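From a predicted model like this one, the values you see are computed outputs, not experimental measurements. Only this structure's heavy atoms are used, side chains among them; waters, hydrogens and symmetry mates stay out. By convention here, the first residue in the shown sequence is residue 1. Whatever order the structure lists them in is the order used to number ligands and atoms, beginning at 1.
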Amino acid sequence: MSESRQEASTGSVTGPVSWRPESWQTHPAIQQPHYADLDELDLVRQELSSLPPLVTSWEILQLKQLIAEAQQGKRFLLQGGDCAESFADCSSERISNRLKVILQMSLVLVHGLQQPVIRLGRFAGQYAKPRSTPMESRNGVELPSYRGDLVNAPEFTPLSRRPDPNRMLRGHARSALTMNFVRALVDGGFADLHHPEYWDLKWVDASAHAADYRRIVADIAEAVQFMETLIGEPITSFSRVDFYTSHEALLLHYEQALTRQVPRQPGWFNLSTHFPWIGMRTADPDGAHVEYCRGIRNPIGIKVGPSMPIERLLRILEILNPDDEPGRIVLIHRMGMSKIAEALPPLLEAVRATGRRILWCCDPMHGNTETLANGIKTRRFANIVGELEQSVDLHAAAGTHLGGVHLELTGEDVTECMGGARGLGEADLSRAYRSTVDPRLNYEQSIELTLRIVQKLGRSRK
Ligand code: PEP
Ligand code: CO
């Protein structure tokens, strides 16, 4: 790696010397709200800084180790959850349904890929959203865009749309409530999750792949039964550290306040989440988001879209991981079904040529968002599957490998994405469309997609 960068820092293993949690403030910070009252902002930041963190440095380093193993092809990463959490959805049912679907998906993956799976939720802090325009106009009225519940509220009124720093305190509290419940559920054991015979699989018969799906599910049930016979008791719990959280590190005042030092560990940790990621719009080597992430010891995700110049990506990698530390970098490509064949191979080739340790993940959601004539935002299941399948082949051709997926999903029966076994069409979208931002896979579509991943990856790895 370049000498100049090594001189400028002690490397990501312990964090650069000349960095502070607030260093980002001297870099161009896009996608930040304009708070009207800076004293109020300061008070909130001070209060947040004194509140307990949501995760521990030990868990973060453990996740980094697991990602390092995934970089070697020994584990698979499943990252999923809402596009944006909302304060209103912080309820026991929503949280447990989302956890259930992710755990069921991971069981299908463990079995189908014959590999351990890293379960990484997009939750307990996924409250801030990048927007394409800072202002929104309706009928001649212009107000600040909705930037997620961490910043303002979605209703189109001046009061709701006013960026309110106190929302960061509420976001921290909701994240803590979510985290607390997730930890309790995971610890307490979700016994039926291991038994596909208790899953809701009625939709399978509607699929063209029904026979294949039934066989995979029957195999899982048999394997679980075999294990239980072997150990002589039901498999009841996943271990506590088997579940990790992630969110886009977007609102830097919030991230800064949760960035801490801990006893007996050098450097700084973002203790609001295990895994922060840099969104496509803020992945700028000279920008505030990369500067902020440079100094923390967490593993970092970077979203890579079709317009990312190769040189820019290589610079970001150099800044964020000067010493090529194992487990530090996850590159999440989100090209879109129609662009991936052209956009991905040159990036794979250029990054592979550097010899860097990377975990490659595919986000097949964000390049496949479309707006229908009636203004509804949706995604087609066929495009989501198509991008994933292409990405497996493109990695194989480039000599790299796809080691994870990044999905927007919910455990609820929503109708936001079209297609899947039930063939949801345009007319179905109005029935249960609840997302305030991007359309998510529903429970059935999430399980179906996982079965498709297993079909494709299981085959390509044989
Ligand atoms: C997201 O993950 O919700 C998102 C906004 O993605 P991207 O930065 O890839 O557009
Ligand atoms: Co999204």
Side-chain angles (χ1 to χ4, degrees), residues 29-33 77-86 89 98 102 120-134 145-151 154 171 245-252 255 273 275-285 287-290 292-293 300-308 312-313 316 329-337 339-340 343-344 347 360-371 376-380 383-384 387-388 391 404-410 414 416-417 433-442 445-446 449:
I30 60 165
Q31 296 285 344
Q32 305 302 294
L77 178 70
L78 170 63
Q79 185 176 15
D82 285 315
C83 178
E85 291 179 277
S86 71
D89 276 357
R98 191 172 47 206
I102 297 176
L120 184 57
R122 262 182 82 114
F123 56 59
Q126 177 49 20
Y127 286 118
K129 296 308 297 173
R131 302 316 308 234
S132 45
T133 51
S145 293
Y146 170 58
R147 291 186 177 275
D149 279 7
L150 200 57
V151 175
T245 64
S246 66
H247 67 245
E248 179 172 349
L250 184 66
L251 182 59
L252 293 174
E255 307 302 337
T273 188
F275 181 88
W277 78 81
I278 301 175
M280 182 186 74
R281 292 161 192 78
T282 49
D284 171 3
H289 293 81
V290 170
Y292 168 74
C293 288
I300 306 284
I302 307 162
K303 292 285 205 92
V304 182
S307 58
M308 168 73 87
R312 177 185 292 205
L313 179 60
I316 294 175
I329 301 285
V330 179
L331 288 180
I332 307 164
H333 49 78
R334 33 87 80 224
M335 302 296 181
M337 168 72 179
K339 295 197 177 141
I340 186 168
L344 187 61
L347 285 181
W360 289 100
C361 278
C362 175
D363 164 359
M365 313 298 294
H366 286 90
N368 291 313
T369 317
E370 54 186 284
T371 306
I376 293 186
K377 250 202 213 179
T378 190
R379 290 164 173 155
R380 291 169 206 270
N383 288 342
I384 294 169
E387 178 165 356
L388 260 174
S391 99
V405 289
H406 179 115
L407 304 170
E408 285 187 346
L409 54 84
T410 164
V414 298
E416 298 172 4
C417 291
Y433 197 106
R434 289 229 316 274
S435 175
T436 48
V437 266
D438 291 341
R440 302 158 297 175
L441 297 166
N442 62 24
Q445 290 168 329
S446 303
L449 183 65

Using atom types as modelled and distance alone, determine if a side-chain donor or acceptor of Thr410 lies under 3.5 Å from a backbone N or O of Asn442.
-> no

State, yes or no, whether a side-chain contact exists between Glu370 and Asn383 at a heavy-atom distance under 4.5 Å.
-> yes

Taking the side chain as every heavy atom from C-beta outward, state whether Leu449 and Leu409 have any pair of such atoms under 4.5 Å apart.
-> no

Taking the side chain as every heavy atom from C-beta outward, state whether Glu387 and Lys339 have any pair of such atoms under 4.5 Å apart.
-> no

Heavy-atom pair of closest approach, residues Ala84 and Lys129 = CB-CD, 3.6 Å

With salt bridge (charged side-chain N to carboxylate O under 4.0 Å, His left out) as the test, would you mind laying out the steps for Arg379 and Asp438 before giving the verdict?
-> CA-CA 9 Å; Arg379 290 164 173 155; Asp438 291 341; 3.2 Å; yes

Arg440 and Val414 have their tightest heavy-atom pair at NH2-CG1, 3.8 Å

Of the protein N/O/S atoms, how many lie under 2.8 Å from the Co ion (ligand 2) = 4

Tabulated below should be the N or O atoms of ligand 1 paired with protein N or O atoms at under 3.5 Å; can you produce that?
{"from": "ligand 1", "atom 1": "2 (O)", "to": "Arg122", "atom 2": "NH1", "distance (Å)": "2.8"}
{"from": "ligand 1", "atom 1": "2 (O)", "to": "Arg122", "atom 2": "NH2", "distance (Å)": "3.4"}
{"from": "ligand 1", "atom 1": "2 (O)", "to": "Lys303", "atom 2": "NZ", "distance (Å)": "2.8"}
{"from": "ligand 1", "atom 1": "2 (O)", "to": "His366", "atom 2": "NE2", "distance (Å)": "3.3"}
{"from": "ligand 1", "atom 1": "3 (O)", "to": "Arg122", "atom 2": "NH2", "distance (Å)": "2.9"}
{"from": "ligand 1", "atom 1": "3 (O)", "to": "Lys129", "atom 2": "NZ", "distance (Å)": "2.7"}
{"from": "ligand 1", "atom 1": "3 (O)", "to": "His366", "atom 2": "NE2", "distance (Å)": "2.9"}
{"from": "ligand 1", "atom 1": "3 (O)", "to": "Glu408", "atom 2": "OE2", "distance (Å)": "3.1"}
{"from": "ligand 1", "atom 1": "6 (O)", "to": "Lys303", "atom 2": "NZ", "distance (Å)": "2.8"}
{"from": "ligand 1", "atom 1": "8 (O)", "to": "Met280", "atom 2": "N", "distance (Å)": "2.8"}
{"from": "ligand 1", "atom 1": "9 (O)", "to": "Lys303", "atom 2": "NZ", "distance (Å)": "2.8"}
{"from": "ligand 1", "atom 1": "9 (O)", "to": "Arg334", "atom 2": "NE", "distance (Å)": "2.7"}
{"from": "ligand 1", "atom 1": "10 (O)", "to": "Arg281", "atom 2": "NH1", "distance (Å)": "2.9"}
{"from": "ligand 1", "atom 1": "10 (O)", "to": "Arg334", "atom 2": "NH2", "distance (Å)": "2.9"}

Evaluation steps, side chain to side chain contact (heavy atoms under 4.5 Å, CB included), between Lys303 and His406 | CA-CA 10 Å; Lys303 292 285 205 92; His406 179 115; 3.8 Å; yes

Sidechain-backbone polar pair: Arg122 side chain, Leu407 backbone, donor-acceptor under 3.5 Å = no

